[in-house]
Protein chains: 2
Amino acid sequence: MNTPDPVIQAAWVTIVSKSRTLLEAVEAALKNAGLPPLAWYDALLEIEKAGPDGLRPFELKERLLLPQYGTSRLLDRMAKAELIERRDCDDDGRGQIVCISDKGQAVRQAMWPVYARVLSEKIEDKLSPEDAAQLVKLLSKL
Amino acid sequence: MNTPDPVIQAAWVTIVSKSRTLLEAVEAALKNAGLPPLAWYDALLEIEKAGPDGLRPFELKERLLLPQYGTSRLLDRMAKAELIERRDCDDDGRGQIVCISDKGQAVRQAMWPVYARVLSEKIEDKLSPEDAAQLVKLLSKL
DNA sequence: CTCATTTAGATGCACCTGCATCTAAATTGC
DNA sequence: GCAATTTAGATGCAGGTGCATCTAAATGAG
C-alpha cells in the first residue's frame with residue numbers, strides 16, 4: 001500500500017489530537033459548571049433559531065448531522081430535562097414539532113459563557129485572526 | 001461574556017466538524033473491511049513498537065492519552081480477540097506486561113492499507129505538502 | 001519492622017451509541 | 001381506491017465510556 005506522505009500523516013494526527021483535546025476541554029468545563037454536554041448546546045441553539053414554530057426532529061437531524069436514533073434519544077433526554085417541548089404535528093400524523101422552553105433558553109444562555117471561555121483560552125489566545133482565517137481556509141479544503 | 005471573534009468560532013467549528021467526518025470515514029472503512037476500530041490500531045502500533053519485551057498498561061495509557069479504565073478495557077477486548085498477550089510482571093506484582101501476538105501484528109498490518117487509503121483520499125488528494133505543513137504549524141499553536 | 005500513602009490495574013453502575021428493526025402515517029403507482 | 005413503497009420516529013439489544021471505588025502490591029516515614 002502506498003503510504004501517505006509523512007507531512008500528511010502529521011496533519012491527520014494533529015487534526016485528530018487537537019480536536020480531541022479541545023472537545024475534552026469544553027466538555028470538562030461544562031460538566032464542571034454543572035451544565036449539559038456540548039451536543040445539547042448545538043441542539044438547543046438550532047431549536048432556538050427555529051423560532052416559536054419550532055422544527056421537526058428530522059430537520060434537526062439534518063442540521064446537526066446526527067443519526068436518526070441519536071436525534072430521537074437526544075430529544076428524549078432534553079425533553080425529560082424540560083429544556084424542550086414536543087408537540088404533535090398537525091400536518092403530519094407521524095411527526096412532531098420541537099420547541100425550546102424558557103428553561104431551555106436559560107440553560108443554553110448559561111452554557112455559552114462557559115463554552116466561550118474555553119474557546120477564548122484555547123484558541124483565541126493562541127491564534128491571530130489571520131492564523132484562524134488561514135486555518136479555516138486549509139481545513140475547508142478537506 | 002465576551003464572545004470569541006467570529007473567525008475564531010469558525011476555526012473551532014471547522015476543526016471539530018472536519019475531524020469528526022474524517023474519523024467517521026476511517027471508522028467506516030475499517031468496519032466495512034471487517035476490521036477493528038481505529039483505537040485498536042493505535043494501541044497495536046504502540047505495543048508493537050515496544051518490541052518483544054512489551055510494555056506496561058500504564059505506559060500505554062500515557063502514550064495514547066487514554067484514561068486508566070479505558071486502557072484496561074481496551075486491553076481486555078484485544079486480549080479476548082487474541083491480538084495481544086498479557087503476562088505477569090516479574091518486577092512488580094501489581095503489574096503486567098503486554099505484548100503483541102502474531103495475529104495482532106497481522107491485524108495491524110491488514111488495517112494499515114484501509115486506514116492509509118482514507119488518509120490518502122481525504123487528505124493527501126486535497127492538500128499540497130505545503131498546505132499540510134502549514135496546517136500542522138497552525139494547529140500546533142493550539 | 002509497621003503503618004500510612006501511593007500506584008497498578010479491575011470493575012459495578014449509569015449512561016450513551018450503533019445497529020437493526022418496528023410501528024404508523026404518508027406517498028406513489030396502477 | 002388500494003396495495004406497495006417510502007418516510008418519521010421509537011426502541012431492544014449489545015457494546016463502549018465515564019465515574020467512583022475496590023484490591024493488592026509497592027513505597028515511604030517513623
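Note on naming: letters A, B, ... go to the chains in the order of the sequence lines (proteins, then strands), and numbering restarts at 1 for each one.
Per the geometry, CD belonging to B:Gln96 stands 14 Å off C1' belonging to D:dA25, to the nearest Å. Rounded to a whole Å, the CD atom of A:Glu27 is 15 Å from the P atom of D:dT17.
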Open item on the list: Applying side-chain contact (heavy atoms from CB on, under 4.5 Å) to A:Val98 and A:Met78, what does each step give before you reach the verdict?
Closed with: CA-CA 11 Å; A:Val98 176; A:Met78 293 197 298; over 6 Å; no
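At a threshold of 4.5 Å between non-hydrogen side-chain atoms, the residues B:Trp112 and A:Thr3 count as touching. Side-chain contact check for A:Leu23 versus A:Leu38: some heavy-atom pair is nearer than 4.5 Å. Contact annotation: the side chain of B:Leu127 never approaches that of B:Gln134 to less than 4.5 Å [non-hydrogen atoms, C-beta and beyond].
Between B:Glu62 and A:Pro37, the residue anchored nearer the 5' end of DNA chain C, judged by the nucleotide with its closest heavy atom, is B:Glu62. Comparing A:Lys61 and A:Glu24 by the nucleotide of DNA chain D whose heavy atom lies nearest to each, the residue mapping closer to the 5' end is A:Lys61.
A:Ser101 contributes a side-chain N or O that, together with a main-chain N or O of A:Glu82, makes up a donor-acceptor pair within less than 3.5 Å.
B:Leu74 contributes atom CG, which lies 7.5 Å from atom CG of B:Leu64 (distance to the nearest 0.5 angstrom).
One finds a side-chain N or O of A:Lys31 lying less than 4.0 angstrom from the OP1 or OP2 phosphate oxygen of D:dC19.
When each of A:Ile15, A:Val7, A:Thr14 is tested with B:Leu135 by the rule side chain to side chain contact (heavy atoms under 4.5 Å, CB included), just one qualifies, namely A:Ile15.
A heavy-atom distance below 4.0 Å to DNA chain C is reached by these residues of residues 63-80 of chain A, ordered by number: A:Pro67, A:Tyr69, A:Arg73, A:Arg77.
With sequence neighbours left out, the side-chain contact (heavy atoms from CB on, under 4.5 Å) criterion links B:Glu124 to A:Pro4, A:Asp5, A:Ile8, B:Ser120.
Contacts between chain B and DNA chain C, taken as any atom within less than 4.0 angstrom of a protein heavy atom, begin and end at C:dT7 to C:dC19.
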